[in-house]
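Read through the structure below, which is laid out as structure tokens, and then see the notes.
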Amino acid sequence: MMSYLEEHYELIHKTPRLFALHVTREQLLDTLHQITTHTSFDTLSQLTCTDWIEEERFELGYMLTNALRSHNLMLKCSIARDKVTMPSLALLFAQAEVMERELHEMFGIGFEGNETLYDFALEGWCDIPPMRREFDTLAYVNAHYDFREGREDNLDVKEEIKKRKAAAKSAKETPSGA
Amino acid sequence: MDEGFIPYQQSLEDEEQSIKSTQSVIEQAIAWFRAHSMFVLAYGTGCGAIEMPPTFTSRYDIERLGVVGVATPRQADILIVSGYCSPKTLKRVIRSYEQMSEPKYIIGLGSCTINGGMYWDSYNTIKKLDDFLPVDMYVNGCMPRPEALIEGFVKLQEKIRANSSEAGYIQYRTRYAHYRANQERLFGTQVQPRYEENFAGMNL
Amino acid sequence: MERKVITIYHGPQHPGITGNMSVELDLMGETITRARTHVGYLHRGFEKLIERRTIIQAFTIVCRICVPEPDPNEANFALAVERLAGIEVSERASYIRVMVLEMARLGAQLLWMAGQSGSVGLGTVGQWSIYDRDLILDLFEQLTGGRVYHMYIYPGGVRRELPDGFLERLSALLDYLQKRLDAYDRLFFDNASFQKRAIGVGVVRGEEVLRRGFSGQVLRGCGFARDLRRDNPYLLYDQLEFDIPTQSAGDVYARALVRRAEMRESIRILRQVIAQMPEEGAIMQKLPKHRKFTLPKEDTYVAVESARGEFGYYMAGDGSEMIRRMQVKGPSLIHAFSLLEPLLVGEELSNVALIMNSLGICPPEIER
Amino acid sequence: MKFELKNSLAPLSALSKIFEHPQTLCYPEVKSETVSGYRGFHINDLSTCIGCANCQDVCMNEAIDMIAIDKDKNPKNNSGCIPRIDYGRCCWCSLCTDVCPPDSLKLESECIWADDDANRFLYQPKDKPC
């Protein structure tokens with residue numbers, strides 16, 4: 001199982017049971033096809049996406065598992081943040097459909113060939129897709145929801161310490177001056 | 001310096017005068033029966049749903065107090081909003097609440113219903129439940145223990161027996177514009193039917 | 001004769017649903033012709049919140065991802081952080097973790113039993129099994145200080161030392177539960193009314209099931225002995241003896257029988273843990289730069305076997321105090337969509353709750 | 001599959017429980033025993049609290065306010081502030097007690113509270129030595 005991968009790809013050993021492999025967007029379908037036919041990694045168990053905003057890319061991770069569930073292989077594929085479409089794996093793996101649907105909603109990634117890219121968890125969402133790094137959840141909360149009042153007497157402790165020190169200092173100086 | 005739940009202590013003195021029963025015997029009897037047959041809508045809206053089975057089954061057996069779970073809003077008196085509420089759930093909660101027949105009460109379970117709780121900075125949970133629905137009793141905890149939930153029911157019983165005009169369902173009728181405005185701010189105008197139509201002919 | 005199709009929403013406000021979710025059903029008479037799952041009622045954006053919190057702050061929130069069974073989440077989070085940061089956990093802490101995970105599994109199975117029996121109208125089972133789960137929660141209370149959310153398994157170890165006499169009390173509880181399991185056999189698993197409802201309903205079969213990413217009792221109920229505790233061992237599971245129960249029928253009853261056997265296996269594991277628990281040893285490996293703890297720019301994937309199937313965490317650090325990305329995949333995501341939707345077609349309306357309970361679908365972990 | 005009579009009659013074994021003593025904990029009448037170490041309400045020993053705001057910093061829910069104290073019980077309290085907890089935010093994770101340098105902030109076992117006014121859930125920890 002490993003020998004085929006070692007021969008054909010640059011395999012990264014993360015742990016004894018977890019491997020990673022970098023592919024480009026164009027190679028993805030072909031590589032997946034090769035791996036599922038020639039090795040026992042034939043199940044998609046997770047589809048992840050990481051937003052590397054400072055490098056202007058999304059990193060998608062296709063987590064493959066073998067039939068024995070003993071080893072994991074992650075296919076990593078970087079795509080530009082502005083040109084965000086990927087080929088869909090829905091025909092290869094039935095479970096990919098819902099995972100892609102989720103990523104579509106959370107990151108705004110399009111999956112060509114997936115017919116089910118409608119609302120997943122959010123209803124009537126019209127802001128930036130929420131899992132993108134530029135989406136500021138606290139700013140959104142402040143704009144859309146209110147917090148309960150009554151906590152305005154919160155003090156900044158550093159300021160208070162400074163004030164106290166200054167007060168103590170002036171208290172010391174005053175008697176000496178007088 | 002006061003300890004414990006501070007504003008509560010400050011308001012203790014005012015409260016002693018306010019609860020003076022002016023009810024007739026029949027009203028008192030009705031209130032007693034109401035307080036001892038509370039039907040809870042079985043809608044687990046959030047985390048809190050996990051502490052409901054122990055409360056309703058043999059260990060804590062809240063049926064001692066006359067609290068029973070029912071399946072439909074039409075039969076229910078109590079709605080337990082168990083924790084955080086996403087806008088998508090809140091829409092269903094409001095619909096369920098409006099379908100319930102009066103008198104009806106809401107119990108807010110846990111921190112999340114009071115001021116956002118753990119999810120205070122989450123884009124998809126509401127922070128103050130009482131903006132959208134009138135809450136009659138809040139229960140402290142994250143998760144509240146079943147004992148705390150029972151404490152909430154016991155205090156709610158007292159409130160029902162006091163039969164005050166501040167009960168949530170009366171608030172919801174009289175201050176509907178306020179609640180509706182907050183709901184519309186979150187959902188927009190088109191999605192919810194107007195509750196006013198239900199009590200258009202009623203003498204408020 | 002004209003045949004009319006009606007659409008009903010099973011949930012979110014419905015006593016037969018396994019949480020706050022909804023299944024849209026097209027019905028022809030009593031028979032389902034199309035099913036569609038709707039989630040999102042519980043979406044809290046955990047993955048976003050975790051990006052805003054430092055690592056020690058984030059660990060308190062992960063346990064909320066799955067409400068009936070929080071501990072696999074804590075373990076997963078801790079394992080992923082430890083793997084990225086290269087922290088070794090002491091043997092004693094690992095044993096305590098295994099103990100906590102198995103207690104949680106036992107509790108989750110008892111809770112499942114209440115739901116499954118409720119879906120066929122056997123109320124007494126729920127009254128009993130939730131009581132027994134409460135006894136486990138009592139022990140959790142003593143150990144961790146929390147009833148449902150324990151916040152106990154921490155990157156580097158566990159947060160508290162075992163209280164005095166805890167293992168004896170656990171051992172006594174296991175003796176009690178062992179007896180109760182026989183009572184449950186009579187009351188529930190061998191009950192003719194449950195058998196009649198469950199046998200031949202919700203059948204999952206075929207070689208394809210391995211490729212479709214199912215896990216847990218769905219696989220074990222149709223003959224594949226897949227269990228991450230054995231196949232891809234974490235913590236100390238490779239040093240403990242236990243069997244992986246399987247059934248071949250693939251229906252609701254087979255999955256129930258698998259769970260019945262798993263409860264006994266959990267008790268067996270717990271007994272071994274009690275016997276082998278080291279007397280001495282640190283329970284906590286201090287994190288370097290504790291409150292300003294950082295993760296390297298690396299990523300990893302960690303999976304544990306929860307009571308319902310494979311719980312996988314993908315975690316990527318970026319050299320800062322925050323986690324760049326943590327993506328959670330619970331077993332329910334696949335089960336509720338690509339398994340439940342086709343499985344319900346052709347079933348009767350009254351079997352929806354039965355099938356959903358038997359797949360162990362838990363909405364909070366689907367949408368996080 | 002053949003359904004045996006035994007399988008129909010076995011559930012009736014539950015009837016034997018009729019003669020057993022009920023296991024129910026009757027909460028409002030009988031208070032259950034508090035578990036030592038349960039994470040309930042906060043207590044703060046003001047004679048040792050140094051007002052450092054570590055608890056405020058570590059709280060991921062921003063549940064802790066530092067408020068001015070009337071009279072100093074601890075001369076080492078440099079800021080003259082003590083924590084107050086918003087129970088509309090707290091999740092009882094006890095990280096605040098973990099990071100407390102003088103160990104003055106603790107959690108007690110009491111945890112039961114219900115109220116009809118949401119504004120009353122600001123909690124001033126009781127001044128109890130632990």
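Chain letters run A, B, ... following the sequence lines, proteins first and then strands; every chain starts at 1. All heavy atoms count here, side chains included; hydrogens, waters and symmetry mates do not. This is a predicted model, so every value here is computed, not measured.
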State, to 0.1 Å, how close [X] and [Y] come at their nearest heavy-atom pair, and which atoms those are.
X: D/Tyr38; Y: C/Gly145; result: CD1-O, 3.4 Å
X: C/Arg186; Y: D/Ser13; result: NE-OG, 3.4 Å
X: D/Cys93; Y: C/Thr60; result: CB-CG2, 3.5 Å

Mind checking the [atom1]-[atom2] spacing from [X] to [Y]? Nearest 0.5 Å is all I need.
X: C/Arg53; Y: D/Asn61; atom1: CZ; atom2: CG; answer: 6.0 Å
X: D/Arg39; Y: C/His150; atom1: CZ; atom2: NE2; answer: 8.5 Å
X: D/Gln23; Y: C/Asp134; atom1: CD; atom2: CG; answer: 11.5 Å

ask   = Is the CG atom of C/Asp164 crowded by more than 12 outside heavy atoms at less than 6.0 Å?
value =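 Atom CG in C/Asp164 is not crowded, with 12 or fewer foreign heavy atoms closer than 6.0 Å.
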With only heavy atoms counted, which part of [X] is less than 4.5 Å from chain D, the side chain, the backbone, both or neither?
X: C/Tyr131; answer: side chain
X: C/Phe59; answer: side chain
X: C/Arg52; answer: neither

Counting only non-hydrogen atoms closer than 4.5 Å, does [X] touch chain C with its backbone (N, CA, C, O), its side chain (CB onward), both, or neither?
X: D/Asp57; value: both
X: D/Cys59; value: backbone
X: D/Val58; value: both

query = Who wins among D/Asn54, D/Leu9, D/Leu12 for the most heavy-atom pairs under 4.5 Å with chain C?
reply = D/Asn54
message = Under the criterion side chain to side chain donor-acceptor pair (under 3.5 Å), I'd like the reasoning laid out for C/Arg159 against D/Ser94: C-alpha separation, chi angles, the key distance, then a yes or no.
response = CA-CA 11 Å; C/Arg159 277 175 93 187; D/Ser94 87; 3.1 Å; yes
query = Hey, does D/Met60 have a side-chain heavy atom less than 4.5 Å from the side chain of C/Ile61?
reply = no
